[in-house]
Amino acid sequence: MALLRSLRTQRTTTYLIYSRTSVNVSSSSSAAVAAIRRSLHTTTALEVDVQANSQSSSNQELQHGQAASILRRRQQQHHHHLLSRLIGTPVGVGVGGGSRQHARYVHSGQNGRQSHQLVQPEVIVGETMRDKRQLGKSASPKPTGTPQRDPLDVSFNDPIAAFKSKTTWELVRAYMVYMICSSEKLVEHNMTLLKLARNLLGQRLFVLLMKSSFYGHFVAGENRHTIVPTLERLRSFGVKPILDYSVEEDISQEEAEKREVESSVSSAGDIKEEGAMPQYHVDKSFADRRYKVSSARTYFYLNEATCERNMETFIKCLEAVSGATFGTGITAIKLTALGRPQLLLQLSEVIMRTRQYMEDLMGGQGNVLTHHKTIKDLEKYYATLGDNKNVQDFLKNVTSDKEGILHLFPWSGIVDEDSQLSDTFRVPDPQTGQMRRLISQIPPKEEEMFRNMIRRLNTIVKTAAELDVRIMIDAEQTYFQPAISRITLEMMRKYNKDKAIVFNTYQCYLRESFREVGTDLEQAKRQNFYFGAKLVRGAYMEQERARAQALGYPDPVNPTYEATTDMYHKTLSECLRRIKLMKDCGDDARKIGIMVASHNEDTVRFAIEQMNQIGISPEDKVICFGQLLGMCDYITFPLGQAGYSAYKYIPYGPVEEVLPYLSRRAQENKGVLKKIKKEKRLLMAEIRRRLLRGQLFYKPKGNYVPI
């Protein structure tokens, strides 16, 4: 009877395996499927035979038991052979030790959430229930055999390497899209033309037109299910995704200004106390944050319910990217989507006023930790105040370590607990000892809104950690950025304990970029968490410069494009220098992870050269590269196919709801005519090559595995 139960277990296992994989099995596996079905009948016959034999005398039981043992082993081998044919895994792969268990993998992720060992039916059932959390998970195994690797042409002039992942039709479509983007008049009025086409053609024809042109080129699909083929093809050519649900509200300038002003001012009024900084207060002239911004999405606060929906959307992105990327995917989010912008403005002002307070107290400039002062140093500055209880209470809450003060305020409490902002951000007046607010009084309802914002972010990052997906928190305008960076660093401290889950974004067109990155690297080192950074040139340069001039504060932007490039390279070099120091000391170099998010091939070349010079290989997995879907394929795909960690920023969403995104892509491409010219040249070269070689119906099929 034990043998009977064992054979039934085998049959159940085979059935469960077949039912989970049959949806994604190609027609070429039909013979294996049929064979498994036949084997099930064989198992049933064996069961009947063994049942009959089990009723014999005790002397015959031993003989039948030995015979049945042989039959069972043969049956297991037969099933393993059929399963290997069905799911493409080699036969006889065993689990270590003296055990004779065999392992079969349906998914090839690096952790238990993404690797399904086909051992026992109860394990499979448990994993099936767990997979419901990961909707859209692909059942495709990794390519078998040794993954393909190509040499890298660092001039990025190889059209075959650039476009071997594309069909000929996709090349023709890309060329047409770039031709249109080269026309300034068409691009300037692109949104008007899109709306006109929608009205003239009707919804069905308009959607068909967009999928055959701009939408098909720049967007992966309408939902998290339809994008899976695109993600799988990218993966087969060595490229991983950064997923973004790119639906945007198409609201008027008047509506945008109204929402921004209302949500950026406290219900208590816009109180500008002594020491207030004008850049951290809303100005109606710049309330429409889309002004002069073509390469970044903008969220306008409506209510708390909208923020909840945005959180759910981000979580769906996490589930989608987890399901299709085997633990290598990334989701991008914006903090302004999760809460009231007024709170970010006030928090940013607090941070900058705290820095000013330290500068007035101790001299120097920059972040608090850069002063390298201790609590004893602070006590000396407050010595003239005597035994002041306010000062003593303040000093108890200062965050410090053996190297000195990290923060004047308990940021971990602000992010993790229910600390009240109005009560927290107070400092002793060096003259009187009285506590002085660095933030205007926040009404209880707005305190609750801040807690809601932090709760939403915690929920997103916790889900990302569970699904083994990374989170990149996008940079925004400088009047929000101090708060965004501070909250992001605290999320790193909380969640980046074993690996980099949370990444911050640094805009290198800003004069303070190098200093900010250095400060944050120092905090990560001292508080022992993994540091993740995405380096970009930036999206808000023109807007920032105009706003600074209008409101009368120093221009935060580098004076020239060349200065921005120098800032980018200087910041990247500092990150690489610290990675090398960690490698040389035997520390885990992966405690620093950097994404070079740039469409500038000179910057990509610079990064590769620096990696080579200091001995950082792609296999170290500390440097990755990223570009937008539909842009600079001649950079991304050769990198991925050469074994570098390469990403595409993948937007998705319904056609009509991503029109603002498509409009921005057209505007952005208009500004990079030099890159378009090169991409068009390479596209034409590849189209011509396929025509001459009779490869018009070329079907992309990659055997690359992302690093």
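Residues: numbered from 1 along the sequence shown.
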Residues Y506 and D520: side-chain donor-acceptor under 3.5 angstrom: yes

Residue pair R515, E574: steps toward the salt bridge (Lys or Arg N to Asp or Glu O under 4.0 Å) verdict: CA-CA 10 Å; R515 183 180 297 171; E574 174 62 15; over 6 Å; no

Considering all heavy atoms, the nearest P428-Y357 contact: O-OH, 2.6 Å

Rounded distance (nearest 0.5 Å) linking atom CZ of R486 with atom CD1 of I351: 6.5 Å

I330 and Y647, any side-chain heavy atoms less than 4.5 Å apart: yes

Residues which pass side-chain hydrogen bond (donor to acceptor under 3.5 Å, both in side chains) with T336, listed by chain and number, not counting sequence neighbours: E476

Flag for Q342-Q346: side-chain donor and acceptor within less than 3.5 Å: yes

Distance-only donor-acceptor check, side chains E349 and H281, under 3.5 Å: yes

Residue pair N310, Y299: steps toward the side chain to side chain donor-acceptor pair (under 3.5 Å) verdict: CA-CA 10 Å; N310 290 338; Y299 288 92; 5.4 Å; no

Contacts of R537 that satisfy side-chain hydrogen bond (donor to acceptor under 3.5 Å, both in side chains) - sequence neighbours left out: T565, S598, T603

F409 ring center near F425 ring center (under 6.0 Å): yes

Q549 atom CD, neighbour heavy-atom count above 12 within 6.0 Å: no

Minimum heavy-atom distance R297-S246, with the two atoms named: NH1-CA, 3.7 Å

Q610 side chain near S573 side chain, heavy-atom distance below 4.5 Å: yes

Distance under 6.0 Å and angle within 45° of ring axis: R547 vs Y479: yes

Check against side chain to side chain donor-acceptor pair (under 3.5 Å), S645 and K240: CA-CA 8 Å; S645 182; K240 298 169 283 187; 2.6 Å; yes

Basic-acidic side-chain contact under 4.0 Å: E446, R451: no

Geometric cation-pi criterion K570 and F514, 6.0 Å radius, 45° cone: yes

Closest non-hydrogen atom pair between Q543 and F286, with its separation: O-CE2, 4.5 Å

Taking every non-hydrogen atom, the tightest pair across V321 and P241: CG2-CG, 4.0 Å

Side-chain donor or acceptor of Q507 paired with backbone N/O of A539 under 3.5 Å: yes

Heavy-atom check, side chain of E359 versus side chain of Q356, under 4.5 Å: yes

Sidechain-backbone polar pair: N496 side chain, R493 backbone, donor-acceptor under 3.5 Å: no

Minimum side-chain heavy-atom gap F314-T463 below 4.5 Å: no

Test item: V502 and T488 side chains (from C-beta on) under 4.5 Å apart, heavy atoms: yes

T370 side-chain N/O to N367 backbone N/O, donor-acceptor pair under 3.5 Å: yes

Atom CG of D498: over 12 foreign heavy atoms under 6.0 Å: no

NZ/NE/NH1/NH2 to OD/OE distance under 4.0 Å, D393 and K389: yes

Donor-acceptor under 3.5 Å (S264 side chain, V261 main chain): no

Under-4.0 Å salt bridge between E312 and R309: no

Polar contact flag, side-chain donor to acceptor under 3.5 angstrom, E304-Y301: yes

Residues E516 and R511 bridged, charged N to O under 4.0 Å: no

Side-chain heavy atoms of M595 within contact of L535, under 4.5 Å: no

Minimal non-hydrogen separation, V398 against H407, with atom names: CG1-O, 3.4 Å

K499 charged N/C atom sitting above Y530 aromatic ring, 6.0 Å / 45°: no

M453 side chain reached by L344 side chain, heavy atoms, under 4.5 Å: yes

Non-hydrogen side-chain atoms of I471 and I460 separated by less than 4.5 Å: yes

Y291 OH: over 12 foreign heavy atoms closer than 6.0 Å: no

Salt-bridge contact E490-K494 (side-chain N to carboxylate O under 4.0 Å): no

K580/D584 under salt bridge (Lys or Arg N to Asp or Glu O under 4.0 Å): CA gap, chis, key distance, verdict: CA-CA 6 Å; K580 184 178 187 301; D584 292 345; 2.9 Å; yes

Salt bridge (Lys or Arg N to Asp or Glu O under 4.0 Å) assessment of D620 paired with K583: CA-CA 10 Å; D620 289 328; K583 285 189 70 174; 3.0 Å; yes

Distance in Å, N458 CG paired with M311 CE, rounded so as to fall on 0.5 Å steps: 11.0 Å

Heavy atoms from other residues, nucleotides or ligands near CD of E448 exceed 12 (cutoff 6.0 Å): no

Closest non-hydrogen atom pair between P618 and I707, with its separation: O-CG1, 3.7 Å

Residues E249 and R290 bridged, charged N to O under 4.0 Å: no

D588/R590 salt bridge by N-O under 4.0 Å criterion: no

Carboxylate-amine/guanidinium proximity below 4.0 Å for K376 and E379: no

